[in-house]
Amino acid sequence: QAQLVESGGGLVQPGGSLRLSCRAPRMITSVYNSCNMDWYRQAPGEQRELVAVINAGGNTDYADSVKGRFTISRDNSKKTVFLQMNSLKPEDTAVYYCHAQSTSYNLEYWGQGTQVTVSS
């Protein structure tokens, strides 16, 4: 069983919106709550890019390319992290990966990825 499971990807027109979800169904709550959660993306032939970060305290940061358009959030009661993507552009097309890291528990996990395609 995967520790992180992404969902919500799909095909959307430029200017549209998608919301990605990353759930951690096998983590106990104390471990999940200690994790800093990230979203990365990778297009074919490109290096993996950090898109958004939310730490265990709820503080966030974003890549300049998505700032003002994407919002990362977490619902600890559901052990789920979200990435709300608005005003999508063709250059946002990529596989999006969820990433979890806890220094307290010395763990790091990657999800399998979900495809986002922005095209008219």
Side-chain angles (χ1 to χ4, degrees):
Q1 293 290 327
Q3 291 291 330
L4 302 176
V5 182
E6 303 102 330
S7 62
L11 175 64
V12 65
Q13 294 183 349
S17 297
L18 286 173
R19 188 178 76 158
L20 306 183
S21 298
C22 171
R23 60 186 178 91
R26 299 184 64 83
M27 284 189 184
I28 63 174
T29 300
S30 58
V31 175
Y32 177 84
N33 290 350
S34 76
C35 288
N36 302 320
M37 304 296 297
D38 310 324
W39 285 97
Y40 286 75
R41 66 186 182 187
Q42 188 169 23
E46 303 289 337
Q47 63 184 17
R48 192 166 294 186
E49 174 190 21
L50 179 62
V51 174
V53 176
I54 185 166
N55 70 12
N59 298 310
T60 62
D61 202 5
Y62 302 90
D64 287 342
S65 59
V66 307
K67 194 170 297 182
R69 299 188 298 120
F70 290 11
T71 302
I72 188 171
S73 61
R74 64 193 297 166
D75 184 341
N76 288 350
S77 69
K78 299 179 179 179
K79 296 187 292 184
T80 303
V81 175
F82 303 98
L83 185 67
Q84 178 66 46
M85 304 185 295
N86 298 327
S87 302
L88 283 162
K89 305 174 181 179
E91 52 262 42
D92 295 319
T93 296
V95 177
Y96 284 71
Y97 297 92
C98 186
H99 174 255
Q101 184 166 18
S102 172
T103 56
S104 299
Y105 289 91
N106 189 31
L107 63 81
E108 183 178 8
Y109 296 111
W110 289 93
Q112 294 297 308
T114 184
Q115 176 71 48
V116 172
T117 302
V118 184
S119 176
S120 60

[X]: what forms a side chain to side chain donor-acceptor pair (under 3.5 Å) with it, not counting sequence neighbours?
{"X": "Gln84", "value": "Asn86"}
{"X": "Ser120", "value": "none"}
{"X": "Asn59", "value": "none"}
{"X": "Thr117", "value": "Gln115"}

Inset, instruction - Would you list the pairs meeting salt bridge (charged side-chain N to carboxylate O under 4.0 Å, His left out) in which at least one residue belongs to residues 11-26, sequence neighbours left out? - result: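 Of all non-adjacent pairs touching residues 11-26, none passes salt bridge (charged side-chain N to carboxylate O under 4.0 Å, His left out).
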
Inset, instruction - Quick one: which residue pairs count as a salt bridge (charged side-chain N to carboxylate O under 4.0 Å, His left out) with a foot in residues 68-91, not counting sequence neighbours? - result: Arg69-Asp92

Compare every heavy atom of [Y] with every heavy atom of [X], then report the nearest pair and how far apart it is.
{"X": "Lys67", "Y": "Tyr62", "result": "CE-O, 3.7 Å"}
{"X": "Gly57", "Y": "Asn55", "result": "N-OD1, 2.9 Å"}
{"X": "Leu4", "Y": "Cys98", "result": "CD1-O, 3.8 Å"}
{"X": "Ser34", "Y": "Ser102", "result": "OG-OG, 2.8 Å"}

If hydrophobic clusters are built from ILVMFWY residues whose side chains come within less than 4.5 Å, do [X] and [Y] share one?
{"X": "Phe82", "Y": "Ile72", "answer": "no"}
{"X": "Trp39", "Y": "Met27", "answer": "yes"}
{"X": "Ile28", "Y": "Val81", "answer": "yes"}
{"X": "Tyr32", "Y": "Leu107", "answer": "yes"}

Legend entry - Ser73 side, atom OG; Met37 side, atom CE - distance, nearest 0.5 Å: 11.5 Å

Inset, instruction - Quick one: list whatever passes salt bridge (charged side-chain N to carboxylate O under 4.0 Å, His left out) with Asp38, sequence neighbours left out. - result: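 Salt bridge (charged side-chain N to carboxylate O under 4.0 Å, His left out) check on Asp38 returns nothing, list empty.
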
Legend entry - Partner set under salt bridge (charged side-chain N to carboxylate O under 4.0 Å, His left out) for Glu49, not counting sequence neighbours: Arg41

Inset, instruction - Report yes if the side chains of Asn76 and Thr29 come closer than 4.5 Å at any heavy-atom pair, otherwise no. - result: no

Legend entry - Hydrophobic cluster (4.5 angstrom, side-chain heavy atoms) - remaining members for Trp110: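 Besides Trp110, the hydrophobic cluster comprises Tyr40, Leu50, Val53, Val95, Tyr97, listed by chain and residue number.
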
Inset, instruction - List in chain and number order the residues that pass side-chain contact (heavy atoms from CB on, under 4.5 Å) with Val116, two or more places apart in sequence or in another chain; answer none if no residue qualifies. - result: Leu18, Leu20, Met85, Tyr96, Val118

Inset, instruction - Using the test side-chain contact (heavy atoms from CB on, under 4.5 Å), find all partners of Ser7 that sit at least two apart in sequence or belong to another chain. - result: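 Counting only residues at least two positions away or on another chain, Ser7 forms a side-chain contact (heavy atoms from CB on, under 4.5 Å) with Ser21.
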
Legend entry - Gln42, CD: over 12 other non-hydrogen atoms inside 6.0 angstrom: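 More than 12 heavy atoms, drawn from other residues, nucleotides or ligands, come within 6.0 Å of this atom.
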
Legend entry - disulfide bond (SG atoms under 2.5 Å apart) partners for Cys35, two or more places apart: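 With neighbours one apart ignored, the set is empty.
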
